[in-house]
Amino acid sequence: MNKEERLVKQITPKSEDFSRWYIELIRRAELADYAPLKGMMVIRPYGYAIWENIQRLLDRRIKATGHQNAYFPLFIPESFLQKETEHLKGFSPEVAWVTQGGQEELEERLAVRPTSEAIIGYMYAKWIKSWRDLPVLINQWANIVRWEKVTRPFLRTTEFLWQEGHTAHETREEAEEETRMILEMYREFVETELAVPVIAGRKTEREKFAGALETYSIEGLMADGRALQMGTSHHLGQHFSRVFNIRFEDRQQQLQYVWQTSWGVSTRLIGAVVMCHGDDSGLKFPPQIAPLQVIIVPISLGNWQETVLPLAKELRMKLQEQGFRVHLDAREEYTPGWKFSEWEMRGVPLRLEIGPRDVKQRQIVLVRRDTREKITVSLEESRARVSEILDDIQKNLFHLALRFQQENTYETNDYREFQEIIEQKRGFIKSYWCGRTSCEEKIKEETQATIRVIPLEQPEDIKNHRCLHCGQPAKWLVYFAKAY
RNA sequence: CGGGGCGUAGCGCAGUCUGGUUAGCGCACAGCGUUCGGGACGCUGGGGUCAUGGGUUCGAAUCCCAUCGCCCCGACCA
């Protein structure tokens, strides 16, 4: 990479060591810092602002589809968790336990929620009596604890923030419809607001949520060619309603167990945005979720405090009034050049430069983070142009990411070629699969690639194809990848 | 949880092998001055229980034991 392009020093280039680049960038850009506790991090204001934007934009969609927010307890009695054995088995290795309250040993251990199906199931049994009570459509924004062995900021931390939806329905079909509607909501949200293109589909038996009938997920492709699960939507069937006895009298006056769903996205999305859009100069945020959308850098020349600064302040005010997230960096101890690099590293989509020359000519200079293009515009048209350019950056980031995803999606049913691609290029590979877990596991052992999703739309000529691994008749066309 | 690597100022490191002045360097930080359209410069200054605990020794950042944390590669997950 030449000097012009690599303006930010002090960060390991992305191409050299992706995972070092990721960790250094997160700390240098002040998104997060390590807490003095194993596997835990502090989300700093600049990083938390992204989460707030995600919350705002997703919460709007959750409510628009008829869901309401509520809050359930952080602790779950052990006996609740034990009711659904499949569920417990899935989570037990990573549950944190509270055994003491004050000075007293507790009679029953309390789990710090790894997810809330159990406690919510208990409450739903109390609330649901009749088909008239259904559907129940509740969402909760909460923190979750999972005692993970290997952690990475945002991607996998011991405690993380998420949103978990929990719904109860009269029929299997209705629950299935909800599960898929949410999957589509997530896809649209992630692609529109985070500008990360995803592949949506169903999880295999092996990869699905502990205790679910079906799990659906959206998978993004990160810049190092690995897939990241960015959201899941589970059809829980009647597993939980049977153990928590969530019954209702249906329209025919028969007692029935409800059909349930649960679904979530987490602070992991922030990691996805970093890994999907960032470059050697640092972060690159889609305007929709960027902590700051516009950074104003006054050019400190001559008596700039009297000439440039007042105009810079006025521009800030006007942009703020227009609803943009904007900051004026008027610090005197840094040179403009330093600020350019710093804010580029921190991913601000658009920089607004204003200097003595611009003041005289009633103009400003706009510089895009994504293309580095410099655009000189008159003061009069500046506000309209800012809005227009931000929209364009949002679209451009999505298209760049989409092109990357497409260029790194391969199609092969030749196992040798498959192995070569996974080893040398990574990315998604579309292949045929017989549907047996044994084949899936062998492939994982031999290549480290896992089936990320089974696309909902399957080719009609599936019968003409054979399994990538065993050569027996294929059941599904699937996406493989090395995953995070 | 296995295998490997690393913990010395906020960050990056040297010093450890071969124990011995007051533990050093670059960046960052503070003060003053000159600068400022792509990471400016000069002068002055502050900052360290050498990860933690124990041991060996006249003497430990340095040797020994244990613990904790972080990173990388594998098995598990949002």
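Letters A, B, ... are given to chains in the order of the sequence lines, protein chains preceding strands, and every chain is numbered from 1.
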Base, sugar-phosphate, or nothing for Lys444(A), non-hydrogen atoms under 4.0 angstrom? sugar-phosphate

Cation-aromatic face contact Arg346(A)/Tyr46(A), 6.0 Å, 45 degrees: yes

Would you measure the distance from the C1' atom in C64(B) across to the matching atom in U21(B) and give it in whole Å? 26 Å

Counting distance alone, no hydrogens or angles: does the base of C77(B) have a donor or acceptor under 3.5 Å from a partner atom on the side chain of Arg156(A)? yes

Would you indicate what Val297(A) reaches in the nucleic acid, counting non-hydrogen atoms under 4.0 angstrom: base, sugar-phosphate, or nothing? nothing

Same-atom distance (P) from A9(B) to A14(B), integer angstrom: 12 Å

Considering only the P atoms, how many Å lie between G5(B) and A66(B), rounded to the nearest integer? 15 Å

With the stacking rule set at 5.5 Å and 30°, tell me whether Phe160(A) counts as stacking on A78(B). yes

Any donor-acceptor pair under 3.5 Å from Lys38(A) side chain to Thr158(A) backbone: no

Using only side-chain N and O atoms of Lys38(A), determine if any of them is under 4.0 Å from OP1 or OP2 of U67(B). no

Counting N and O atoms only, with roles assigned by atom type, does the side chain of Arg146(A) sit under 3.5 Å from a partner on the main chain of Thr115(A), one being a donor and the other an acceptor? no

Is a donor-acceptor pair below 3.5 Å formed from side chain Arg351(A) to base G38(B), judging by atom type as modelled? yes

Look at Tyr334(A) and C29(B) and indicate whether a side-chain polar atom (N or O) is within less than 4.0 Å of OP1 or OP2. yes

If you find the nucleotide of RNA chain B closest to Lys149(A) and the one closest to Ala210(A), which residue's nucleotide is nearer the 5' end? Lys149(A)

Could one point to a donor on the side chain of Gln448(A) or the base of G74(B) with an acceptor on the other under 3.5 Å away? no

What interatomic distance, in whole Å, is found between P of G3(B) and the corresponding atom of C50(B)? 30 Å

Does Glu207(A) or Glu445(A) map to a spot on RNA chain B nearer the 5' end, using the closest nucleotide for each? Glu445(A)

If we ignore hydrogens and angles and just use 3.5 Å, is the side chain of Trp21(A) paired with the main-chain N or O of Asp279(A) as donor and acceptor? yes

When you measure only distances, ignoring hydrogens and angles, does the side chain of Thr335(A) come within 3.5 Å of the base of C36(B) through a donor and an acceptor? no

